[in-house]
Engineer: 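I have a structure here, written as structure tokens, and I will follow up with some questions on it.
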Amino acid sequence: MSKRFRQLTALTSAAALAFTLSACSKGGTSSQGNVADGKQEVTMWTHNAGNEEELAAIEQIVADYNAQSDKYQVTMQAFPQASYNQSVVAAASSNSLPCIMDIDGPNVPNWAWAGYLAPLEGMDDTLNKFLPTTVGRYEDKIYSYGYYDVALSIITRKSILDEFGIRTPTVDKPWTRDEFTDALAKVKASGKYAVPFDINTADQGEWYPYAYSPYLQSFGGDLINRSKFESAEGALNGPEALEWAKWMRSLVTEGYTPANAGSDPTQDFINGKSAFLWMGSWAAQPTEEAFGDDVIFLPPPDFGKGPKIGGGSWQWGMSPSCPAPEGALDYMKFAAQDKYVASVSVATRNIPATDAATAEVPAFAEGGKYSIFREFSKKYAVLRPETAGYPFIATEFTKATQDILNGGDPKKILDQTVANIDANQKANGFFK
């Protein structure tokens, strides 16, 4: 399949890809050429226009690089996250991609397949020190890396566990399915909490595959068979997947979670509306500020195949159409230093990608108040399927999960979802 056809295919499926990042409008493009002092321009795009702290950390890396380079000048353009993905797709269609851009981790295989990304050559030794979930790979090549990862956790309070006589689970001995069900039943019976377990059903973007497919994987199912990434048959509609679907629906029918939660589950937890919260490490600081030492971050339950959480967050890569590829790669190597991993981690309050950087971030260092999240990431994280068909898979899984939560027949829903995914994979030559 030609690269041009791949790009056209990616464009025709832009609705699925845009769904992943909730894209809604186009951003501008940048010209590339010479800048002041005779340096060659290396353009960079980021989705962080609305995230002042992370943007400032990236701007500092760019400033440091420009100050020491006598050949290249990196110029950055920041987009709002809502319009970022659409801007990249539009730029690809007009052959005007920037040299460097950030990518949501699960989309790396799709962008690499479509020809949006070039492999990062000569960085294996550096990136081997990064958490595996922070390095984007496709067909045995590295295309991106990120400064941080995030980790999911059940957030609650020690006082709640004590009040209801619930065992505190550990990394080595998480809750079983029966233990967790019993804990939810006790909280529900007390009548003290409107929502015993808030799983953030209101967020219908990438959250659904990120947050709910790990439960599916703990049951023994998956979004697709990972041996060849060709078919979801058996993985997403087999007995294990059906058990997962029935359990997800039971959360609603038993009154443990609403099919449509509030718009701010973290704040609802802080306000006492919920007893347990399924949320990422980004909620650690606000909940810790609210409850101090009473807040506790717990591992996910083991539904039979071990606890699982989602892995992979925003990463950086370079485009193959960059007029200064040596400059783009030079920046990528410079920006991968541990000190920058640490500074971006501090800005985002997320898990540092390297051990050396972690030592510089006390909250995540060994013994730190949020170090448990890095342990979860190392032990439990599962990447979303590394296939170029992932954006479509994510859309289909989200629709299926919504239908299941709202009372649809699990077998019919999952069978149809598998048929849709398999048809898309086949129609695209299994993205080979």
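Not measured: the values here are computed from a predicted model.
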Engineer: Show your reasoning for whether ring pair (Phe, Tyr, Trp, His ring centres under 6.0 Å) applies to Y215 and W247.
Structural biologist: CA-CA 10 Å; Y215 287 146; W247 176 77; 5.1 Å; yes

Engineer: Distance-only, no hydrogens or angles: does the N428 side chain make a donor-acceptor pair with backbone N or O of N424 under 3.5 Å?
Structural biologist: yes

Engineer: Does any non-hydrogen side-chain atom of P265 lie less than 4.5 Å from one of M279?
Structural biologist: yes

Engineer: Atom CG of residue position D293 - does it have more than 12 heavy atoms of other residues, nucleotides or ligands inside 6.0 Å?
Structural biologist: no

Engineer: Check the pair E230, I224 against side-chain contact (heavy atoms from CB on, under 4.5 Å), reporting the backbone distance first and the verdict last.
Structural biologist: CA-CA 7 Å; E230 291 184 353; I224 194 170; over 6 Å; no

Engineer: Can you name the nearest heavy-atom pair linking T133 to G311, along with the distance?
Structural biologist: CG2-CA, 4.0 Å

Engineer: Does a salt bridge link R177 with E243, judged by any charged N lying under 4.0 Å from a carboxylate O?
Structural biologist: yes

Engineer: Is it true that N225 and S227 share a donor-acceptor pair across their side chains at a distance under 3.5 Å?
Structural biologist: no

Engineer: Check whether any side-chain heavy atom of V171 sits under 4.5 Å from a side-chain heavy atom of I372, and report yes or no.
Structural biologist: yes

Engineer: For a quick test of reading the model, state the closest non-hydrogen atom pair linking P352 to V361 and the distance between them.
Structural biologist: CG-CG2, 3.9 Å

Engineer: Minimum heavy-atom separation for P410 and L242, please, with both atom names.
Structural biologist: C-CD2, 4.0 Å

Engineer: Angle class for the Y380/F376 ring planes (parallel below 30°, perpendicular above 60°, tilted otherwise)?
Structural biologist: parallel

Engineer: Atom NZ of residue position K273 - does it have more than 12 heavy atoms of other residues, nucleotides or ligands inside 6.0 Å?
Structural biologist: no

Engineer: Taking the six-membered ring of F364 (Phe, Tyr or Trp), confirm whether the NZ or CZ of R374 is under 6.0 Å from its centre and within 45° of its axis.
Structural biologist: no

Engineer: Are the side chains of S144 and V108 in contact, using a 4.5 Å heavy-atom criterion?
Structural biologist: yes

Engineer: Might you point out which heavy atoms bring A365 and T358 nearest each other, and give the distance in Å?
Structural biologist: CB-O, 3.4 Å

Engineer: M101 versus M318: any side-chain heavy-atom pair under 4.5 Å?
Structural biologist: no

Engineer: Within the 4.5 Å heavy-atom criterion, are T176 and F303 side-chain neighbours or not?
Structural biologist: no

Engineer: Sub-3.5 Å donor-acceptor pair from the side chain of T170 to the main-chain atoms of K173, do we have one?
Structural biologist: yes

Engineer: Take W207 and Y212 through the test side-chain hydrogen bond (donor to acceptor under 3.5 Å, both in side chains) and record every step on the way to the result.
Structural biologist: CA-CA 8 Å; W207 174 254; Y212 305 152; 3.3 Å; yes

Engineer: Heavy-atom count around E52 CD within 6.0 Å, excluding the residue itself: above 12?
Structural biologist: no

Engineer: Give the intermediate values and the outcome of ring pair (Phe, Tyr, Trp, His ring centres under 6.0 Å) for residues F180 and F197.
Structural biologist: CA-CA 11 Å; F180 187 44; F197 184 36; 5.1 Å; yes

Engineer: For the pair K369 and E288, evaluate salt bridge (charged side-chain N to carboxylate O under 4.0 Å, His left out) and give the outcome as yes or no after the intermediate values.
Structural biologist: CA-CA 9 Å; K369 58 185 177 180; E288 190 265 340; 3.6 Å; yes

Engineer: Parallel under 30°, tilted from 30 to 60°, perpendicular over 60°: which one fits the rings of F373 and F297?
Structural biologist: tilted

Engineer: Do NZ/NE/NH1/NH2 and the carboxylate oxygens of E240 and K305 come within less than 4.0 Å?
Structural biologist: no

Engineer: For E396, is there an ion pair with K399 - N to carboxylate O distance below 4.0 angstrom?
Structural biologist: yes

Engineer: Are R167 and E179 close enough for a salt bridge, meaning some N to O gap below 4.0 Å?
Structural biologist: yes

Engineer: K426 vs D422, test: salt bridge (charged side-chain N to carboxylate O under 4.0 Å, His left out). Steps then yes/no.
Structural biologist: CA-CA 6 Å; K426 185 177 181 179; D422 284 9; over 6 Å; no

Engineer: Can we say K158 and D294 salt-bridge, meaning some charged N sits less than 4.0 Å from an Asp/Glu carboxylate O?
Structural biologist: no

Engineer: Could you tell me whether E206 and R384 make a salt bridge, using a distance below 4.0 angstrom between a side-chain N and a carboxylate O?
Structural biologist: yes

Engineer: Should the heavy atoms of other residues, nucleotides or ligands under 6.0 Å from CD of Q285 be counted, would the total exceed 12?
Structural biologist: yes

Engineer: Checking E386 against R226 for the salt bridge (charged side-chain N to carboxylate O under 4.0 Å, His left out) test, could you report, in this order, the C-alpha distance in whole Å, the side-chain angles of both residues, the deciding distance, and whether it holds?
Structural biologist: CA-CA 8 Å; E386 294 172 282; R226 299 194 183 218; 5.6 Å; no

Engineer: Under the criterion ring pair (Phe, Tyr, Trp, His ring centres under 6.0 Å), I'd like the reasoning laid out for Y208 against F397: C-alpha separation, chi angles, the key distance, then a yes or no.
Structural biologist: CA-CA 8 Å; Y208 269 59; F397 178 78; 7.7 Å; no

Engineer: Measuring only between side-chain heavy atoms, which start at C-beta, is D102 closer than 4.5 Å to Q315?
Structural biologist: no

Engineer: Does the pair Q416 and N420 meet the rule for a side-chain hydrogen bond (donor to acceptor under 3.5 Å, both in side chains), with working shown?
Structural biologist: CA-CA 6 Å; Q416 186 60 56; N420 294 345; 2.8 Å; yes

Engineer: If you compare all heavy atoms of L97 against all heavy atoms of V88, which two are closest, and at what distance to 0.1 Å?
Structural biologist: CD2-O, 3.6 Å

Engineer: So, does S281 use its side chain to make a donor-acceptor pair with the main chain of A151 at under 3.5 Å?
Structural biologist: yes

Engineer: Answer whether the closest heavy-atom distance between the side chains of K129 and D355 falls below 4.5 Å.
Structural biologist: no

Engineer: What's the verdict on side-chain contact (heavy atoms from CB on, under 4.5 Å) for L131 and K378, showing C-alpha distance, side-chain angles and the deciding distance?
Structural biologist: CA-CA 8 Å; L131 286 171; K378 283 187 170 184; 3.8 Å; yes

Engineer: Does some side-chain heavy atom of Y210 sit less than 4.5 Å from a side-chain heavy atom of L152?
Structural biologist: yes

Engineer: Could you check, using the six-membered ring where one of them is a Trp, whether F130 and Y148 have ring centers closer than 6.0 angstrom?
Structural biologist: no

Engineer: So does A357 get a backbone contact from the side chain of T354, meaning a donor-acceptor N/O pair under 3.5 Å?
Structural biologist: yes

Engineer: Which heavy atom of N107 sits nearest to which heavy atom of P391, and what is that distance?
Structural biologist: OD1-CG, 3.6 Å

